[in-house]
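Note on naming: letters A, B, ... go to the chains in the order of the sequence lines (proteins, then strands), and numbering restarts at 1 for each one.
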Number of protein chains: 2
Amino acid sequence: METRCENCIVRKFNSLRAMNKEELKQVSDAKISKKFKKGEALFEEGEKLNGVYCVRDGVSKLSKLSANGKDQIVKLATTGEVMGQRAVIVEEPTNLSAVAVNDVEVCFVPKEIIVDSMHKNPDFTLEVLRHMAHDLKEADDVIVNMSQKTVKQRVAEALLYLKNNYGVDEEGYLSLTLSREDIANVVGTATESCIRIISEFKKKGYIKTSGKRIIIANEKELQDLVNGF
Amino acid sequence: METRCENCIVRKFNSLRAMNKEELKQVSDAKISKKFKKGEALFEEGEKLNGVYCVRDGVSKLSKLSANGKDQIVKLATTGEVMGQRAVIVEEPTNLSAVAVNDVEVCFVPKEIIVDSMHKNPDFTLEVLRHMAHDLKEADDVIVNMSQKTVKQRVAEALLYLKNNYGVDEEGYLSLTLSREDIANVVGTATESCIRIISEFKKKGYIKTSGKRIIIANEKELQDLVNGF
DNA sequence: AACAAAACCTGACAAATATCATGTTTTCTT
DNA sequence: AAGAAAACATGATATTTGTCAGGTTTTGTT
């Protein structure tokens with residue numbers, strides 16, 4: 001599928017929207033469409049990125065390996081988001097790995113075009129800057145959550161996050177299904193602890209489950225828990 | 001003391017170095033020098049910032065209040081760093097409070113000048129972007145540390161950080177003296193836990209203390225601890 | 001449909017950390 | 001230099017969380 005970036009709705013949600021016509025044409029001509037199956041890696045921590053990845057469809061987990069061999073998921077990147085921007089800007093190997101959580105389709109945009117636009121088009125640079133400022137704020141929030149909230153609160157928060165950001169299907173199940181291990185890696189805890197807490201939520205009627213799929217049955221109770229009541 | 005920004009060495013270390021002469025003159029004319037005593041707040045979380053704070057001297061702690069009433073220190077801002085940039089860029093109230101750790105001297109630069117330069121001077125915007133990209137990476141690292149390292153490892157790391165970033169005085173004491181409570185708030189733990197661990201380090205000979213002041217006596221042991229040996 | 005692999009689950013226990021209570025030392029202020 | 005306030009310290013205990021070990025269920029593949 002060779003579509004033109006100029007017509008891509010995805011662009012509306014990321015910094016590429018601040019590009020002008022010529023720039024978009026350049027991107028369009030140079031971009032390479034890539035598909036990744038669930039579980040495949042888009043790129044690995046420490047790799048040099050030759051461009052950025054604009055997500056057309058699907059969700060990827062951005063994670064970092066810790067000294068003890070566990071992955072910490074730092075962010076979930078969804079349709080409209082751009083991955084790898086940070087590394088391209090500072091011209092360093094990326095500090096994060098990206099792995100497809102479900103089937104993912106991205107457009108790879110060579111870094112030269114991005115860098116070139118950043119030098120020439122202040123609006124574009126500013127837009128990138130705004131997105132990064134937003135990510136930084138979110139990262140600050142995560143730091144505070146990690147250090148000040150209990151694992152139980154963080155699991156509850158993660159479930160609400162999944163509902164609020166990815167919605168539910170016709171039956172009420174969270175549209176984005178993560179494995180218990182992935183949830184544990186988002187929350188920063190042991191997989192068993194995560195499973196135990198999810199079981200507890202189920203027992204208390206806050207959620208219902210079917211296999212790995214989850215229905216949020218009592219949003220208020222979960223929210224109260226997050227808030228410390 | 002009314003010095004000119006054009007001559008300020010501090011500027012060399014932050015994004016203002018990408019400003020051209022006219023821009024610097026504007027900053028110089030509009031800036032207001034402010035001094036804060038140890039413990040005073042420069043600004044509070046949720047406040048609207050009308051400009052940025054360029055640190056001439058001293059150290060401030062940037063922190064965020066958590067639901068349970070504890071402060072989490074997200075970053076220490078030192079000579080040469082600019083505080084409040086993020087909030088000015090996204091035009092939101094700041095998500096962090098800034099409190100002087102020791103006596104602090106800053107130049108307050110009205111946001112109009114910053115915003116104006118960002119629209120006109122791509123080099124400046126790009127420089128700001130680079131700094132923010134760097135901060136974001138550091139934040140990612142903190143997230144991983146918080147979730148994957150033990151409190152003991154994080155305390156050890158914090159002590160080494162203080163040594164590496166602020167150095168030691170003639171007697172070998174860490175130049176930047178933080179209270180045990182502040183260290184606990186950097187590390188994200190209870191003050192008592194922090195004190196206990198510091199006592200343990202002292203008992204084991206990794207550090208020496210005199211009041212709140214600390215000498216790192218065995219850097220290698222501390223580093224090994226951080227690395228999980 | 002059968003099988004293997006992966007994911008999920010649970011119990012028992014150990015380790016890490018928080019909390020509460022109380023006393024001591026240091027630092028600051030006058 | 002004295003007194004008050006803040007910071008530091010430590011014990012006892014409770015809670016949270018991780019680890020190991022062994023199961024069961026679900027999922028994917030042929």
Side-chain angles (χ1 to χ4, degrees), chain A residues 37-40 66-72 99 101-103 145-156 158-159 173-174 177-204 207-214 225 228, chain B residues 37-40 61 66-72 99-103 145-156 158-159 173-174 177-204 207-214 225 228:
Chain A
K37 285 242 153 54
K38 178 178 172 178
E40 280 184 327
S66 70
N68 58 33
K70 286 190 59 177
D71 258 338
Q72 173 66 37
V99 173
V101 171
N102 43 33
D103 290 357
N145 280 344
M146 283 293 178
S147 68
Q148 308 283 5
K149 288 190 176 151
T150 64
V151 174
K152 200 176 290 184
Q153 288 177 307
R154 271 139 57 199
V155 172
L159 296 178
Y173 288 102
L174 293 177
T177 302
L178 292 182
S179 70
R180 304 289 194 264
E181 187 180 4
D182 277 344
I183 297 177
N185 289 347
V186 167
V187 160
T189 189
T191 306
E192 296 95 321
S193 298
C194 180
I195 288 174
R196 234 180 280 274
I197 287 167
I198 287 178
S199 299
E200 188 193 327
F201 286 170
K202 189 177 173 181
K203 214 167 285 168
K204 288 187 175 166
I207 62 173
K208 294 174 188 171
T209 71
S210 164
K212 60 197 314 196
R213 296 185 307 151
I214 295 175
L225 210 164
Chain B
K37 286 242 154 54
K38 178 178 172 178
E40 280 185 328
K61 53 183 178 185
S66 71
N68 59 33
K70 286 190 60 178
D71 259 337
Q72 173 65 39
V99 173
V101 171
N102 43 33
D103 290 357
N145 279 345
M146 283 292 178
S147 67
Q148 308 284 4
K149 286 190 175 151
T150 65
V151 173
K152 201 176 291 184
Q153 289 177 307
R154 271 138 58 200
V155 172
L159 296 179
Y173 289 102
L174 293 177
T177 302
L178 292 182
S179 69
R180 304 290 195 262
E181 187 181 3
D182 278 344
I183 297 176
N185 289 345
V186 166
V187 159
T189 188
T191 306
E192 296 95 321
S193 298
C194 179
I195 288 174
R196 235 181 279 274
I197 286 167
I198 287 179
S199 298
E200 188 193 326
F201 286 170
K202 189 178 172 181
K203 215 167 285 168
K204 288 188 174 164
I207 62 174
K208 293 174 188 171
T209 70
S210 164
K212 60 197 313 195
R213 296 185 307 152
I214 295 175
L225 210 165

Do A:Ile214 and A:Phe201 touch side chain to side chain, with heavy atoms closer than 4.5 Å?
-> no
Under 3.5 Å side-chain donor-acceptor pair for A:Lys212 and A:Ser179 = no
Ignoring hydrogens and angles, answer whether the base of C:dT19 and the side-chain atoms of B:Arg196 contain a donor-acceptor pair closer than 3.5 Å.
-> yes
A:Ser199 side chain N/O closer than 4.0 Å to the phosphate oxygens (OP1, OP2) of C:dC8?
-> no
Starting at atom CD of B:Glu200, determine the distance to atom P of C:dA15, rounded to an integer number of angstrom.
-> 15 Å
Rounded interatomic separation in angstrom, taking CZ from B:Arg180 and P from C:dA18 | 17 Å
Determine whether the side chains of A:Gln72 and B:Ser147 contain a donor N or O and an acceptor N or O closer than 3.5 Å.
-> yes
Between its two end axes (five pairs each) the helix from C:dA1-D:dT30 to C:dT30-D:dA1 turns, nearest 10 degrees, through 60°
Length of the line joining B:Gln153:CD and C:dT17:C1', which is rounded to integer Å = 14 Å
Any idea which heavy atoms bring B:Val187 and B:Arg154 closest together, and the distance?
-> O-NH2, 2.9 Å
Spacing of B:Ile207 atom CD1 relative to D:dC8 atom P, expressed in whole Å | 12 Å
Could you check if a side-chain atom of A:Glu40 sits within less than 4.5 angstrom of a side-chain atom of A:Val99, using non-hydrogen atoms only?
-> no
Collect all protein-nucleotide pairs involving nucleotides 21-29 of chain D in which both atoms are nitrogen or oxygen and the distance is under 3.5 Å.
none

Give one of base, sugar-phosphate or nothing for B:Thr191, where a contact means two heavy atoms less than 4.0 Å apart.
-> nothing
Protein-nucleotide distance (B:Glu181, atom CD; C:dA18, atom P), rounded to Å | 14 Å
Over all heavy atoms of both residues, which pair between B:Arg213 and B:Thr177 is shortest? Give the atoms and the distance, please.
-> CG-OG1, 3.9 Å
Electrostatic pair A:Glu200:A:Lys204 at N-O distance under 4.0 angstrom = yes
Given atom CD of B:Gln148 and atom P of D:dT19, what is their separation to the nearest angstrom?
-> 10 Å
Is A:Ser193 touching bases, backbone alone, or none of the nucleic acid, heavy atoms closer than 4.0 Å?
-> base
For C:dA18, does OP1 or OP2 lie under 4.0 Å from any side-chain N or O of B:Thr189?
-> yes
Roughly how many Å is it from NZ in B:Lys202 to P in D:dC8, rounded to a whole number?
-> 12 Å
Please state how far atom NZ in B:Lys203 lies from atom P in D:dC8, giving the value in whole angstrom units.
-> 17 Å
State the CG-NZ distance between B:Asn185 and B:Lys61, to the nearest 0.5 angstrom.
-> 7.0 Å
A:Thr209 OG1 to A:Tyr173 OH distance, which is reported to the nearest 0.5 Å | 7.5 Å
